[in-house]
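First comes the structure, then the notes that go with it.
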Amino acid sequence: QVQLVESGGGSVQAGGSLRLSCVGSGYTRSFNYMGWFRQAPGKEREGIAIIGISIGTRYYGDSVRGRFTISQDNAKNTLYLQMNNLKPEDTAMYYCAADFGRPRAAWLLRPSDYNYWGQGTQVTVSS
């Protein structure tokens with residue numbers, strides 16, 4: 001059974017940094033794409049960064065481009081999200097997601113393209 005477990009969330013002041021981790025288990029073949037999504041109260045889930053596992057292609061949402069970096073460590077089955085220059089509007093529950101398939105338009109960062117999800121880790125940024 002595939003499991004994705006996020007960690008690294010917390011509370012930080014504006015301008016600070018956090019690094020999220022997502023450890024995968026329960027699968028014998030590599031995911032095709034993995035990514036990070038977030039959801040703030042009352043808002044829709046938003047794709048913020050995805051990576052093609054074998055090709056290394058990265059896509060970022062407009063709101064985080066230049067501040068967040070997605071990376072992977074295949075040997076550890078771990079996905080990372082380095083978040084710098086955090087802003088109060090980054091406050092949300094952050095989710096790791098993955099899929100064995102290839103999204104038709106990966107750059108759209110659509111949550112519906114991903115079938116496997118973690119439970120989330122909360123990030124709170126104060127001003």
Side-chain angles (χ1 to χ4, degrees):
Q1 182 176 353
V2 172
Q3 282 194 321
L4 300 173
V5 180
E6 304 96 334
S7 63
S11 297
V12 65
Q13 288 191 327
S17 298
L18 286 172
R19 189 176 80 154
L20 305 184
S21 300
C22 170
V23 179
S25 63
Y27 50 95
T28 57
R29 58 187 174 111
S30 297
F31 291 117
N32 209 335
Y33 275 81
M34 296 186 73
W36 290 97
F37 297 77
R38 69 186 181 188
Q39 189 166 18
K43 294 188 176 181
E44 293 187 354
R45 192 163 295 190
E46 172 191 17
I48 56 175
I50 66 166
I51 185 169
I53 296 302
S54 61
I55 60 177
T57 303
R58 295 166 171 81
Y59 299 107
Y60 294 94
D62 291 341
S63 61
V64 305
R65 189 177 296 112
R67 298 187 297 124
F68 292 9
T69 302
I70 189 171
S71 62
Q72 58 179 322
D73 185 335
N74 291 338
K76 297 181 179 179
N77 287 347
T78 302
L79 183 73
Y80 300 101
L81 184 70
Q82 178 65 44
M83 306 186 295
N84 296 330
N85 190 21
L86 283 160
K87 304 176 181 180
E89 52 263 44
D90 293 319
T91 295
M93 185 71 78
Y94 283 69
Y95 297 93
C96 171
D99 204 84
F100 295 112
R102 181 188 302 272
R104 286 197 302 171
W107 58 89
L108 295 178
L109 286 76
R110 293 178 299 206
S112 59
D113 286 332
Y114 298 83
N115 285 300
Y116 300 96
W117 292 83
Q119 294 300 306
T121 185
Q122 177 68 37
V123 172
T124 303
V125 184
S126 58
S127 57

Candidate pair Leu79 and Ile70, rule side-chain contact (heavy atoms from CB on, under 4.5 Å), full reasoning: CA-CA 7 Å; Leu79 183 73; Ile70 189 171; 3.9 Å; yes
To check you understand the geometry: which heavy-atom pair defines the closest contact between [X] and [Y], and what is its length?
| X | Y | value |
| --- | --- | --- |
| Ser127 | Pro88 | CB-CG, 3.9 Å |
| Thr78 | Lys76 | OG1-O, 2.8 Å |
| Gln39 | Lys43 | NE2-O, 3.1 Å |
| Met93 | Gly120 | SD-C, 3.7 Å |
| Tyr33 | Ile50 | CD2-CD1, 4.0 Å |
| Gly101 | Pro103 | O-CD, 3.8 Å |

Heavy-atom donor-acceptor pair, Gln122 side chain to Gly9 backbone, under 3.5 Å: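 Side chain of Gln122 to backbone of Gly9: no pair is present.
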Of all pairs that satisfy disulfide bond (SG atoms under 2.5 Å apart), the ones with a partner from [range], not counting sequence neighbours:
| range | answer |
| --- | --- |
| residues 24-55 | none |
| residues 46-76 | none |
| residues 34-83 | none |
| residues 47-87 | none |

Residue pairs, two or more places apart or on separate chains, that pass side-chain hydrogen bond (donor to acceptor under 3.5 Å, both in side chains) and touch residues 82-109: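 Those involving residues 82-109 are Ser17-Asn84, Arg38-Asp90, Arg38-Tyr94, Arg67-Asp90, Gln82-Asn84, Asp99-Asn115.
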All pairs passing side-chain hydrogen bond (donor to acceptor under 3.5 Å, both in side chains) where residues 2-12 contributes a residue, at least two apart: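 Sorted pair list comes back empty.
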Trace of the side-chain contact (heavy atoms from CB on, under 4.5 Å) decision for Ile48 with Leu81: CA-CA 10 Å; Ile48 56 175; Leu81 184 70; 3.8 Å; yes
side-chain contact (heavy atoms from CB on, under 4.5 Å) between Gln13 and Val125, worked out: CA-CA 5 Å; Gln13 288 191 327; Val125 184; over 6 Å; no
May I have the list of side-chain donor-acceptor pairs in residues 18-31 shorter than 3.5 Å, sequence neighbours left out?
none

Val123 and Met83, any side-chain heavy atoms less than 4.5 Å apart: yes
Within one Ile-Leu-Val-Met-Phe-Trp-Tyr cluster: Ile51 and Leu108, side-chain cutoff 4.5 Å: no
Test log, rule side-chain contact (heavy atoms from CB on, under 4.5 Å), inputs Glu46 and Ser63: CA-CA 10 Å; Glu46 172 191 17; Ser63 61; 3.0 Å; yes
SG on Cys96 to CG on Leu4, rounded to 0.5 Å: 4.5 Å
Spacing of CE belonging to Met34 relative to CG belonging to Asn77, to within rounding of 0.5 Å: 8.0 Å
All pairs passing ring-ring contact (aromatic ring centres under 6.0 Å, His included) where residues 57-88 contributes a residue, at least two apart: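 Every pair satisfying ring-ring contact (aromatic ring centres under 6.0 Å, His included) with a residue in residues 57-88: there are none.
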Set of side-chain hydrogen bond (donor to acceptor under 3.5 Å, both in side chains) partners for Arg110, sequence neighbours left out: Asp113
Residue list, ring-ring contact (aromatic ring centres under 6.0 Å, His included) with Phe37, at least two apart or on another chain: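 ring-ring contact (aromatic ring centres under 6.0 Å, His included) check on Phe37 returns Tyr114, Trp117.
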